[in-house]
Enquirer: 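Before we start, here is the structure in question, set down as structure tokens.
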Amino acid sequence: MAIVLAIVQFALVPILLVVALAVRFAGGAKTLNVVDYARVPDPVALHRWAGNRLLVLPLLFLVGGYISYAFPTLALLILGAATVACLGVVAWLAVGAERFQSAA
């Protein structure tokens with residue numbers, strides 16, 4: 001079962017990498033749900049900032065997958081920690097995106 005959890009983490013790496021790069025290079029598109037784009041004067045800077053933060057997730061899952069594969073007893077704990085880290089990154093994006101929004 002632990003090997004399956006490691007494989008799941010490894011399988012999520014390219015998916016999360018594509019998502020992070022899609023946000024990073026989104027340009028002026030409205031890709032983030034937590035942002036009121038009517039109040040964002042520079043969406044390109046916002047997407048560059050958010051995409052860079054989202055790049056933490058594939059790296060985290062890559063390291064977590066390796067640790068889960070090398071130490072199968074830690075696989076469930078590592079997957080749980082990576083899931084909590086995903087929630088933390090989303091909260092980080094939601095709070096940090098506020099500084100890109102104008103007051104009007």
Side-chain angles (χ1 to χ4, degrees):
M1 181 66 178
I3 298 301
V4 173
L5 294 178
I7 292 170
V8 166
Q9 291 180 60
F10 282 134
L12 285 172
V13 170
I15 295 168
L16 292 171
L17 183 61
V18 166
V19 169
L21 292 175
V23 170
R24 170 74 172 82
F25 297 108
K30 298 178 179 179
T31 58
L32 300 173
N33 288 334
V34 297
V35 176
D36 179 15
Y37 280 98
R39 295 177 38 207
V40 177
D42 189 8
V44 175
L46 169 65
H47 292 147
R48 189 172 42 249
W49 176 85
N52 289 341
R53 270 65 187 166
L54 285 172
L55 286 172
V56 168
L57 295 178
L59 179 65
L60 180 69
F61 274 86
L62 182 66
V63 171
Y66 174 74
I67 293 171
S68 296
Y69 184 74
F71 305 102
T73 57
L74 297 176
L76 189 59
L77 179 66
I78 296 295
L79 183 62
T83 304
V84 170
C86 285
L87 295 173
V89 169
V90 169
W92 185 19
L93 289 177
V95 170
E98 289 293 321
R99 67 183 175 123
F100 288 94
Q101 297 181 358
S102 62

Enquirer: If you look at every heavy atom in Val44 and Gly28, which pair is closest and at what distance?
Expert: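 Nearest heavy atoms, Val44 then Gly28: CG2-N, 4.2 Å.
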Enquirer: Following the transitive rule for hydrophobic clusters with a side-chain heavy-atom cut-off under 4.5 Å over Ile, Leu, Val, Met, Phe, Trp and Tyr, establish whether Val40 and Trp49 coincide in one cluster.
Expert: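 Per the 4.5 Å side-chain linkage, Val40 and Trp49 are co-clustered.
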Enquirer: First locate atom CG of Leu17, then atom CG of Leu62, and finally report the distance between them rounded to the nearest 0.5 Å.
Expert: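 With rounding to 0.5 Å, CG (Leu17) is 10.0 Å from CG (Leu62).
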Enquirer: Evaluate the side-chain proximity of Val35 to Phe100: yes if any heavy-atom separation is below 4.5 Å, no if none is.
Expert: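 Sidechains of Val35 and Phe100: no contact.
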Enquirer: Quick one: which of Thr73, Ile78, Leu77 gives a side-chain contact (heavy atoms from CB on, under 4.5 Å) with Ser68?
Expert: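 When Thr73, Ile78, Leu77 are each tested with Ser68, the side-chain contact (heavy atoms from CB on, under 4.5 Å) holds only for Ile78.
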Enquirer: Taking everything shown except Leu76 itself, do over 12 heavy atoms lie less than 6.0 Å from its CG?
Expert: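 No - once you tally the heavy atoms of other residues, nucleotides and ligands closer than 6.0 Å, there are 12 at most.
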Enquirer: Same hydrophobic cluster for Val4 and Tyr66, using side-chain heavy-atom links shorter than 4.5 Å among ILVMFWY?
Expert: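 They do share one cluster, since a chain of ILVMFWY contacts under 4.5 Å joins Val4 to Tyr66.
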Enquirer: Just wondering, more than 12 heavy atoms not from Phe10 lying within 6.0 Å of its CZ?
Expert: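 Yes, enclosed.
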Enquirer: Determine, using the 4.5 Å side-chain heavy-atom cutoff (strictly less than), whether Leu57 and Val8 are members of one ILVMFWY cluster.
Expert: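 Linked, Leu57 and Val8 end up in one cluster.
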Enquirer: Does one hydrophobic cluster hold both Tyr69 and Ile7, with members joined at side-chain heavy-atom distances below 4.5 Å?
Expert: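 Tyr69 clusters together with Ile7.
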Enquirer: At what distance, to the nearest 0.5 angstrom, does CG of Leu46 lie from CD of Glu98?
Expert: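 It comes to 10.5 Å.
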Enquirer: For the atom pair CG (Leu74) and CG (Leu5), what is the distance rounded to the nearest 0.5 Å?
Expert: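 Between atom CG of Leu74 and atom CG of Leu5 there are 11.5 Å.
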Enquirer: Is His47 reaching over with its side chain to a backbone N or O of Ala29, donor-acceptor style, under 3.5 angstrom?
Expert: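 Between the backbone of Ala29 and the side chain of His47 there is a qualifying donor-acceptor contact (under 3.5 Å).
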Enquirer: Take atom OH of Tyr37 as the centre, draw a 6.0 Å sphere, and report whether it contains more than 12 heavy atoms from other residues, nucleotides or ligands.
Expert: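 Buried by this count: over 12 neighbours within 6.0 Å.
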Enquirer: Check whether any side-chain heavy atom of Leu93 sits under 4.5 Å from a side-chain heavy atom of Leu54, and report yes or no.
Expert: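 A side-chain contact exists here, since the closest heavy-atom pair is under 4.5 Å.
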Enquirer: Pair Arg48, Arg24 - check side-chain contact (heavy atoms from CB on, under 4.5 Å), show working.
Expert: CA-CA 5 Å; Arg48 189 172 42 249; Arg24 170 74 172 82; 2.9 Å; yes
Enquirer: Begin with the C-alpha distance, continue with both residues' side-chain angles, and end with the deciding distance and a verdict on side-chain contact (heavy atoms from CB on, under 4.5 Å) for Val89 and Leu60.
Expert: CA-CA 11 Å; Val89 169; Leu60 180 69; over 6 Å; no
Enquirer: Do you reckon Leu32 sits in the same ILVMFWY cluster as Phe25, going by side-chain contacts under 4.5 Å, direct or chained?
Expert: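 No, it is not one cluster - the side chains of Leu32 and Phe25 are not joined through contacts under 4.5 Å.
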Enquirer: If you compare all heavy atoms of Ala11 against all heavy atoms of Pro14, which two are closest, and at what distance to 0.1 Å?
Expert: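 For Ala11 and Pro14, the tightest heavy-atom pair comes out as O-CD, 3.3 Å.
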